[in-house]
Enquirer: 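Got a structure for you, questions after.
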Amino acid sequence: MLEIKNLHARIAEDGTEIIRGLNLTVEAGEVAAIMGPNGSGKSTLSYILSGREDYEVTEGDILYNGESILELDAAERAAKGIFLAFQYPVEIPGVATMQFLKVAMNEQRKARGEDELKTPDFMRLVKDAAGKLQINTEMLKRPLNVGFSGGEKKRAEILQMALLQPQLCVLDETDSGLDIDALKIVADGVNALRSPDRAVIVITHYQRLLDYIVPDTVHVLYKGQVIKSGDKSLAHELEANGYADIIDAAA
Ligand code: ADP
Ligand code: MG
Ligand code: MG
C-alpha cells in the first residue's frame with residue numbers, strides 16, 4: 001500500500017535536510033510501528049505523508065497503491081484515504097466539533113462522487129462512534145480541540161478516523177498525554193479499524209502503547225533513515241536496552 005523509496009526531504013524555509021534516504025514499505029492489513037529518539041524525523045515523515053507544504057522532497061518517491069503521491073496536495077491525499085492524527089491536534093475555534101465532522105465526511109463523499117449524508121444518518125454514525133470512544137455529546141458541541149484536554153484531543157482524532165474510515169492511518173504519538181484508561185480507549189478505537197485493506201502506522205516513543213496496539217512490524221528511525229526493522233520483539237528490545245546499540249550497529 002505504501003512504498004517510500006530513498007526519500008530525501010528538507011524544510012522548505014531554510015533547506016535543512018531532515019529525511020535522508022528513508023526506505024519503508026507498509027502492506028495493506030499491516031500495523032507498522034515507527035520508533036526512534038527525539039528529533040529523528042518521525043513527525044516530519046508524517047507531515048510529508050500528509051502533504052504539508054512546509055517540506056520539500058528533493059529525491060526519492062512515495063508510492064501509495066502503486067502511484068506516486070508527491071504531486072498531490074493535502075486535500076487530494078485525504079480524499080484518497082490518507083489520514084494523519086497529529087501529535088499536536090490543531091484547534092478550530094468557532095466550529096462545533098459535530099459540524100466539523102459533518103463537513104469532513106461530506107467533503108470526502110463529494111470527492112468520491114457520493115451524495116451528502118442526511119442529518120439523521122450523520123447523527124446516528126457520529127453518536128455510535130463517539131459512544132465507543134466514550135466521548136459525550138456535550139464535547140461534540142464545543143469547538144474542535146479548543147480547551148480539550150490531551151486525552152480528549154486524542155479521542156477526537158480517533159473519532160475522525162473512525163468516521164472517515166481512511167485506508168492509511170498515521171498516528172503520531174497518539175499515546176502522549178494519555179492516562180492508562182484513555183490509552184486503552186484510544187487503542188481499542190485503533191484496533192477496531194484494523195482490517196485487511198487498511199494499513200496503520202503508529203509513531204510512538206514507548207512500548208506501552210504497543211501492548212495494546214500490537215504491531216506487525218517495528219521500524220527504528222534515526223537521523224532521517226530507517227536503521228533497523230523487525231517484528232514486535234524489536235520494540236521490547238528497545239524498551240529494555242534503549243537505542244544506543246542499534247545506533248552503533250548502524251553507524
Ligand atoms: P521526531 O518527531 O522524531 O521527534 P521531528 O520530525 O519533529 O522529530 O524533527 C526532526 C528534526 O527536524 C528536529 O531536529 C527538528 O527540530 C527539525 N525540524 C522539523 N521540522 C522543522 C521546521 N519546520 N523548522 C525547523 N526545524 C524543524
Ligand atoms: Mg518528538
Ligand atoms: Mg515527533
Side-chain angles (χ1 to χ4, degrees), residues 2 4-24 26 31-60 62 69-70 73-74 77 82-91 145 148 150-151 153-158 160-161 168-178 182-183 186-187 190 200-210 213 215 217-230 234-235 237-239 241-251:
L2 180 71
I4 304 177
K5 295 197 290 195
N6 186 34
L7 190 72
H8 289 256
R10 60 189 187 192
I11 300 166
E13 200 177 24
D14 63 11
T16 312
E17 189 171 54
I18 307 289
I19 303 297
R20 304 180 178 98
L22 187 146
N23 293 291
L24 177 71
V26 183
V31 174
I34 297 184
M35 303 181 79
N38 265 323
S40 296
K42 302 182 299 294
S43 292
T44 303
L45 175 65
S46 64
Y47 295 145
I48 290 168
L49 284 173
S50 74
R52 262 210 3 204
E53 302 198 337
D54 319 53
Y55 303 93
E56 278 171 9
V57 171
T58 52
E59 208 183 318
I62 304 174
I69 55 167
L70 291 185
D73 67 24
R77 293 183 196 195
I82 298 177
F83 181 91
L84 174 66
F86 290 106
Q87 182 172 2
Y88 306 105
V90 282
E91 300 187 355
N145 291 326
F148 284 18
K153 285 183 183 175
K154 300 298 159 108
R155 270 185 273 175
E157 295 276 298
I158 305 298
Q160 290 168 57
M161 227 166 71
L168 174 63
C169 311
V170 185
L171 301 148
D172 190 5
E173 294 199 26
T174 300
D175 45 343
S176 67
L178 293 185
L183 184 76
V186 164
V190 174
V200 182
I201 297 176
V202 181
I203 297 173
T204 181
H205 272 302
Y206 301 109
Q207 162 59 32
R208 190 180 70 153
L209 179 69
L210 304 181
I213 305 173
T217 54
V218 174
H219 307 272
V220 179
L221 193 64
Y222 181 65
K223 291 191 175 170
Q225 287 188 336
V226 173
I227 59 165
K228 190 172 170 105
S229 298
L234 177 56
E237 193 186 316
L238 291 168
E239 183 84 350
N241 304 324
Y243 292 107
D245 290 350
I246 288 170
I247 290 168
D248 286 346

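Throughout, residue positions are numbered sequentially from 1 according to the sequence presented. Both counts, for ligands and for their atoms, begin at 1 and track the order of listing. Just the heavy atoms: all of them, side chains too, but no hydrogens, waters or symmetry mates, feed the values below. Computed from a predicted structure; not experimentally measured.
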Enquirer: Which ligand 1 atoms, with their elements, are less than 4.0 angstrom from a heavy-atom of Ser40?
Expert: 1 (P), 3 (O), 8 (O)
Enquirer: Do any nitrogen or oxygen atoms of Ile18 lie less than 3.5 angstrom from nitrogen or oxygen atoms of ligand 1?
Expert: no
Enquirer: So, Thr44 and the Mg ion (ligand 3): N/O/S under 2.8 Å, yes or no?
Expert: no
Enquirer: Would you check whether Thr44 has a nitrogen or oxygen atom less than 3.5 angstrom from a nitrogen or oxygen atom of ligand 1?
Expert: yes
Enquirer: Considering only heavy atoms, does Ile11 approach ligand 1 within less than 4.0 Å through its side chain, its backbone, both, or neither?
Expert: side chain
Enquirer: What are the two closest heavy atoms between Met35 and Val218, and how far apart are they?
Expert: SD-CG1, 4.0 Å
Enquirer: Looking at Lys153, I'd like to know if its NZ atom is crowded, meaning that more than 12 non-hydrogen atoms belonging to other residues, nucleotides or ligands lie closer than 6.0 Å.
Expert: yes
Enquirer: Tell me whether the count of non-hydrogen atoms from other residues, nucleotides or ligands lying under 6.0 Å of CZ in Phe148 goes above 12.
Expert: yes
Enquirer: Please identify which atoms of ligand 1 are closer than 4.0 Å to at least one heavy atom of Asn38.
Expert: 4 (O)
Enquirer: Run the numbers for me: atoms of ligand 1, each under 4.0 Å from some heavy atom of Ser43, listed by number.
Expert: 1 (P), 2 (O), 6 (O), 7 (O)
Enquirer: Looking only at non-hydrogen atoms, find the nearest pair between Leu234 and Ser229 and report the distance.
Expert: CD2-C, 3.8 Å
Enquirer: Under the 3.5 angstrom rule, does the side chain of Lys42 hit a backbone N or O of Pro37 as a donor-acceptor pair?
Expert: yes
Enquirer: For residues 15-24, dump all side-chain donor-acceptor pairs below 3.5 Å to protein atoms at least two apart in sequence or in another chain.
Expert:
{"from": "Thr16", "atom 1": "OG1", "to": "Asp14", "atom 2": "OD1", "distance (Å)": "2.8"}
{"from": "Thr16", "atom 1": "OG1", "to": "Asp14", "atom 2": "OD2", "distance (Å)": "3.3"}
{"from": "Glu17", "atom 1": "OE2", "to": "His8", "atom 2": "ND1", "distance (Å)": "2.9"}
{"from": "Arg20", "atom 1": "NH1", "to": "Lys223", "atom 2": "O", "distance (Å)": "3.2"}
{"from": "Arg20", "atom 1": "NH2", "to": "Glu17", "atom 2": "O", "distance (Å)": "3.1"}
{"from": "Asn23", "atom 1": "OD1", "to": "Asn6", "atom 2": "N", "distance (Å)": "2.7"}

Enquirer: Heavy-atom contact under 4.0 Å between Tyr55 and ligand 1?
Expert: yes
